[in-house]
Structures are given as structure tokens and as C-alpha cells.
S.K.: 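What follows is a single structure, and I will ask about it in a moment.
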Amino acid sequence: IHHLHDPFQLREMDAAVERMFQAVRRSEKVAVHGDFDVDGLTGCALLCEALGALSLDGGRPRPVPGFIPDRATDGYGVAERMIRQWAGEGVQLLITVDTGAAALTELRLARELGMEVVVLDHHIFEERPEAVALVNPRRTDAGYPNSELCGVAVAFKFVQALTIREPDCLPDDFLAGVLDLVALGLVADQMSLVGENRILVKKGLERFNDRELIRPGLSALLAVSGLDRGFPVTTGEFAYQLAPRLNACGRIGRVMSALELLLTRDPERARQLAEEADRTNTRRK
């Protein structure tokens with residue numbers, strides 16, 4: 001993917017990459033904490049796929065299942081109950097995406113319980129949390145030409161940085177394979193679609209409109225939205241048809257079903273989950 005900015009221009013990206021590779025070499029247990037909107041869901045899915053595919057010098061991380069907070073029980077931000085659960089399970093590295101920059105109390109707890117945290121976020125924060133790396137394009141000192149990255153786009157830049165540092169750590173086509181998630185998050189989070197973002201969304205839409213390449217969950221979402229009639233999908237359909245169905249799961253439905261929908265490779269399971277998202281969205285209306 002040409003014409004993208006160097007991810008290492010993002011402050012603390014070096015530290016994030018180093019810590020990730022340490023986890024890979026040592027086969028550490030790694031957790032991913034997303035958020036319940038489309039950006040947080042796609043970011044979590046992207047990182048789950050990366051952790052499943054990462055390897056280096058014979059080592060692999062040991063990912064635990066990705067986590068999306070439930071708005072009703074967990075509220076906003078990083079879920080304290082999961083910090084405690086993961087620490088109990090021996091998780092050594094936690095990656096937060098689309099959340100974490102303002103989670104001072106929760107990240108301090110994580111550190112006290114022996115977990116290190118890499119934060120991939122784009123929300124403005126006042127005081128830096130206790131993270132081994134805080135990658136955020138909206139930091140006052142971000143040093144990055146594109147402040148309009150959303151959470152999943154920061155996660156993408158992180159994975160891009162991993163492949164720049166160690167080209168063999170992921171399959172060659174990995175970055176291209178997650179552009180659909182990046183495009184969906186950028187559009188749903190209403191980021192400005194210029195420069196780098198425009199390239200990411202354009203490439204992601206191409207993937208979306210390729211019947212061979214589209215992931216089963218997104219294909220099923222297109223079907224329940226009545227968008228599988230062969231016309232190219234546009235950013236408008238992302239924003240008004242797909243995003244609300246995923247968002248509904250986060251607002252009033254089973255939020256983990258939305259994550260499973262993005263990750264599943266089974267078309268039948270994808271169909272069931274897409275129908276659930278569609279029903280939930282109808283109920284929300």
C-alpha cells in the first residue's frame with residue numbers, strides 16, 4: 001500500500017512495536033480490549049487477527065479472546081473486571097484500541113497486577129496513563145502528519161510498523177486483508193477522508209466489493225441490509241446501513257456477537273450473526 005505515512009512518525013510507536021515483539025518471542029499471553037462502537041469493534045477484530053497470525057524467531061503470542069465492553073454492565077472506557085480477570089489468567093500484555101488514553105485508574109491497576117499495556121487510541125486525554133506505549137495521533141506532541149486516524153486506523157499503523165521492522169512476522173497479504181475493517185471504522189467514526197485516510201478507505205472499499213475477498217461477516221451484513229445486489233458498495237452504505245447494525249449490538253444487543261461477526265470465517269455462522277445484528281438494529285429504532 002503506497003503513499004501511506006511512516007508509522008514510526010507516531011510518537012512511541014517504537015516502544016509499542018518493541019513490546020509486541022517481546023511478547024511474541026516470549027510467547028506471552030496477550031489480551032485486546034476494544035470499544036463497543038464500530039471503530040472499537042473493527043480495531044479489536046484487526047488486532048485479534050494480527051495476534052493470531054504473528055510469529056517471530058519461532059515464537060508466537062498466546063492471545064486470549066478479544067474483549068468488547070458491554071455498555072450496560074461495563075460502562076465507558078477500560079473494564080476493571082477484565083483487568084482483574086486477565087491478571088488472574090496470567091496475561092502479561094494488554095493492548096487497548098479506541099480506548100485507554102484516559103484510563104488512568106484502570107491502567108495503574110493493570111500495572112500493579114503485573115500487566116503491561118500498549119494503548120492505541122485517538123481520544124484526547126489530559127494526563128498520560130501508565131502505559132509502556134501510548135500511540136495517539138491527537139497527542140499534542142504526536143509528530144504525525146495525519147491527526148484524523150481513528151482507533152482501527154491506529155491499530156493498522158501499528159501492524160504496518162510491525163511489518164516494516166520485521167517483514168516476515170506476518171503473511172505478505174495480511175495488511176491488505178484488514179483494509180475492509182479499517183475503511184469501515186474510518187467511515188463510521190466520521191473521520192475526514194483526505195490524504196492517507198482516503199487511500200485506506202478506497203482500498204478497503206475495493207476489498208469490500210470483491211466477492212472473492214470480502215469476509216463472510218461483512219458479506220452477510222450486506223445481505224441483511226439488501227446491499228448484495230451487485231452494485232459497488234459506497235461509503236454512504238457503510239455509514240447508513242452497515243455501521244448502525246454493528247453499533248446496535250454495542251448499544252442494546254450482545255456486543256460480543258458483533259466482534260464474532262467480523263472475525264468468523266464460517267458463512268453460515270456469519271448469516272446467523274448478521275440476522276441478529278439486523279434484528280437488534282430494528283429493535284433500537
Side-chain angles (χ1 to χ4, degrees), residues 7 10 12-35 39-69 74 77-101 103 106-121 129-136 151-166 168-171 174-175 177-178 181-182 255-256 259-260 262-263:
L10 279 158
E12 295 191 41
M13 183 63 90
D14 290 8
V17 166
E18 282 312 306
R19 185 61 188 86
M20 186 70 248
F21 282 142
Q22 181 185 323
V24 177
R25 289 194 178 97
R26 295 180 182 173
S27 298
E28 291 179 356
K29 274 195 178 177
V30 184
V32 178
H33 187 308
D35 194 24
D39 186 20
L41 279 163
T42 50
C44 186
L46 185 155
L47 290 170
C48 288
E49 290 194 343
L51 288 175
L54 259 178
S55 67
L56 191 63
D57 307 334
R60 288 183 169 279
R62 288 182 296 147
V64 300
F67 173 76
I68 304 289
D74 296 309
V78 175
E80 184 191 319
R81 70 180 175 97
M82 290 309 296
I83 299 268
R84 295 188 184 280
Q85 181 181 317
W86 285 323
E89 291 171 4
V91 169
Q92 290 148 289
L93 177 63
L94 165 62
I95 306 174
T96 67
V97 56
D98 196 36
T99 187
E106 293 80 7
L107 267 53
R108 187 172 304 127
L109 176 67
R111 211 189 72 166
E112 285 164 4
L113 296 176
M115 243 187 308
E116 293 196 301
V117 187
V118 166
V119 175
L120 308 174
D121 200 357
E130 295 184 27
V132 288
L134 177 98
V135 182
N136 186 329
V152 66
V154 177
F156 178 82
K157 298 304 293 188
F158 172 61
V159 176
Q160 186 193 2
L162 294 172
T163 61
I164 289 172
R165 192 66 40 97
E166 296 283 352
D168 298 333
C169 73
L170 284 165
F174 185 85
L175 286 175
V178 292
L181 296 173
V182 180
V255 70
M256 294 299 280
L259 180 63
E260 188 189 344
L262 293 175
L263 289 172

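Small disclaimer: the values here were computed from a predicted structure and weren't measured.
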S.K.: Which atoms form the tightest heavy-atom contact between P61 and L54, and what is the distance?
M.R.: CD-O, 3.5 Å
S.K.: Does the side chain of F174 come within less than 4.5 Å of V159's, by heavy atoms?
M.R.: yes
S.K.: Which residues satisfy the salt bridge (Lys or Arg N to Asp or Glu O under 4.0 Å) test with D57, sequence neighbours excluded?
M.R.: R25
S.K.: Apply side chain to side chain contact (heavy atoms under 4.5 Å, CB included) to E28 and list each qualifying residue two or more places apart in sequence or on a separate chain.
M.R.: R19, Q22, A23, R26, Q92, L93
S.K.: Looking at side-chain heavy atoms only, is the closest gap between F67 and L259 below 4.5 Å?
M.R.: no
S.K.: Please give me the minimum heavy-atom distance between G34 and I68, naming the atom from each residue.
M.R.: CA-CD1, 4.0 Å
S.K.: Counting C-beta onward and ignoring hydrogens, is there a side-chain heavy-atom pair between V119 and L107 closer than 4.5 Å?
M.R.: yes
S.K.: Answer yes or no: is there a side-chain heavy-atom contact under 4.5 Å between P129 and L134?
M.R.: yes
S.K.: So how far is it from L262 CG to L41 CG, rounded to the nearest 0.5 Å?
M.R.: 6.0 Å
S.K.: Does the side chain of L120 reach to within under 4.5 Å of the side chain of L47, using non-hydrogen atoms?
M.R.: yes
S.K.: Has D74 got a side-chain atom pairing as donor or acceptor with A79's backbone, closer than 3.5 angstrom?
M.R.: no
S.K.: Could you report the tightest heavy-atom contact between G151 and D39, atom names first, then the distance?
M.R.: N-OD2, 2.7 Å
S.K.: Could you tell me the separation between the CD atom of E260 and the SG atom of C48, rounded to the nearest 0.5 Å?
M.R.: 12.0 Å
S.K.: About how many Å separate CD of E49 and CG of L170, when rounded to the nearest 0.5 Å?
M.R.: 11.0 Å
S.K.: Do F158 and V154 come close enough that some side-chain heavy atom pair is under 4.5 Å?
M.R.: no
S.K.: Nearest 0.5 Å, what's the CE-CZ distance between M13 and R165?
M.R.: 10.5 Å
S.K.: Where do I83 and L94 come nearest, in terms of heavy atoms and distance?
M.R.: CD1-CD2, 3.8 Å
S.K.: Identify the two heavy atoms, one from V97 and one from G43, that lie closest to each other, and give their separation to 0.1 Å.
M.R.: CG1-C, 3.7 Å
S.K.: Ignoring hydrogens, what is the shortest heavy-atom contact between G66 and C44? Give both atom names and the distance.
M.R.: CA-SG, 4.1 Å
S.K.: Say you draw a straight line from CH2 of W86 to CG of L113; how long is it, rounded to the nearest 0.5 Å?
M.R.: 12.5 Å
S.K.: Side chains of V117 and R111, heavy atoms from C-beta outward: is any pair under 4.5 Å?
M.R.: no
S.K.: Write out all pairs satisfying salt bridge (Lys or Arg N to Asp or Glu O under 4.0 Å) with one or both partners inside residues 83-100, taking only residues at least two apart or from two chains.
M.R.: E80-R84
S.K.: Should V132 and M20 count as side-chain neighbours, where that means a heavy-atom distance under 4.5 Å?
M.R.: no
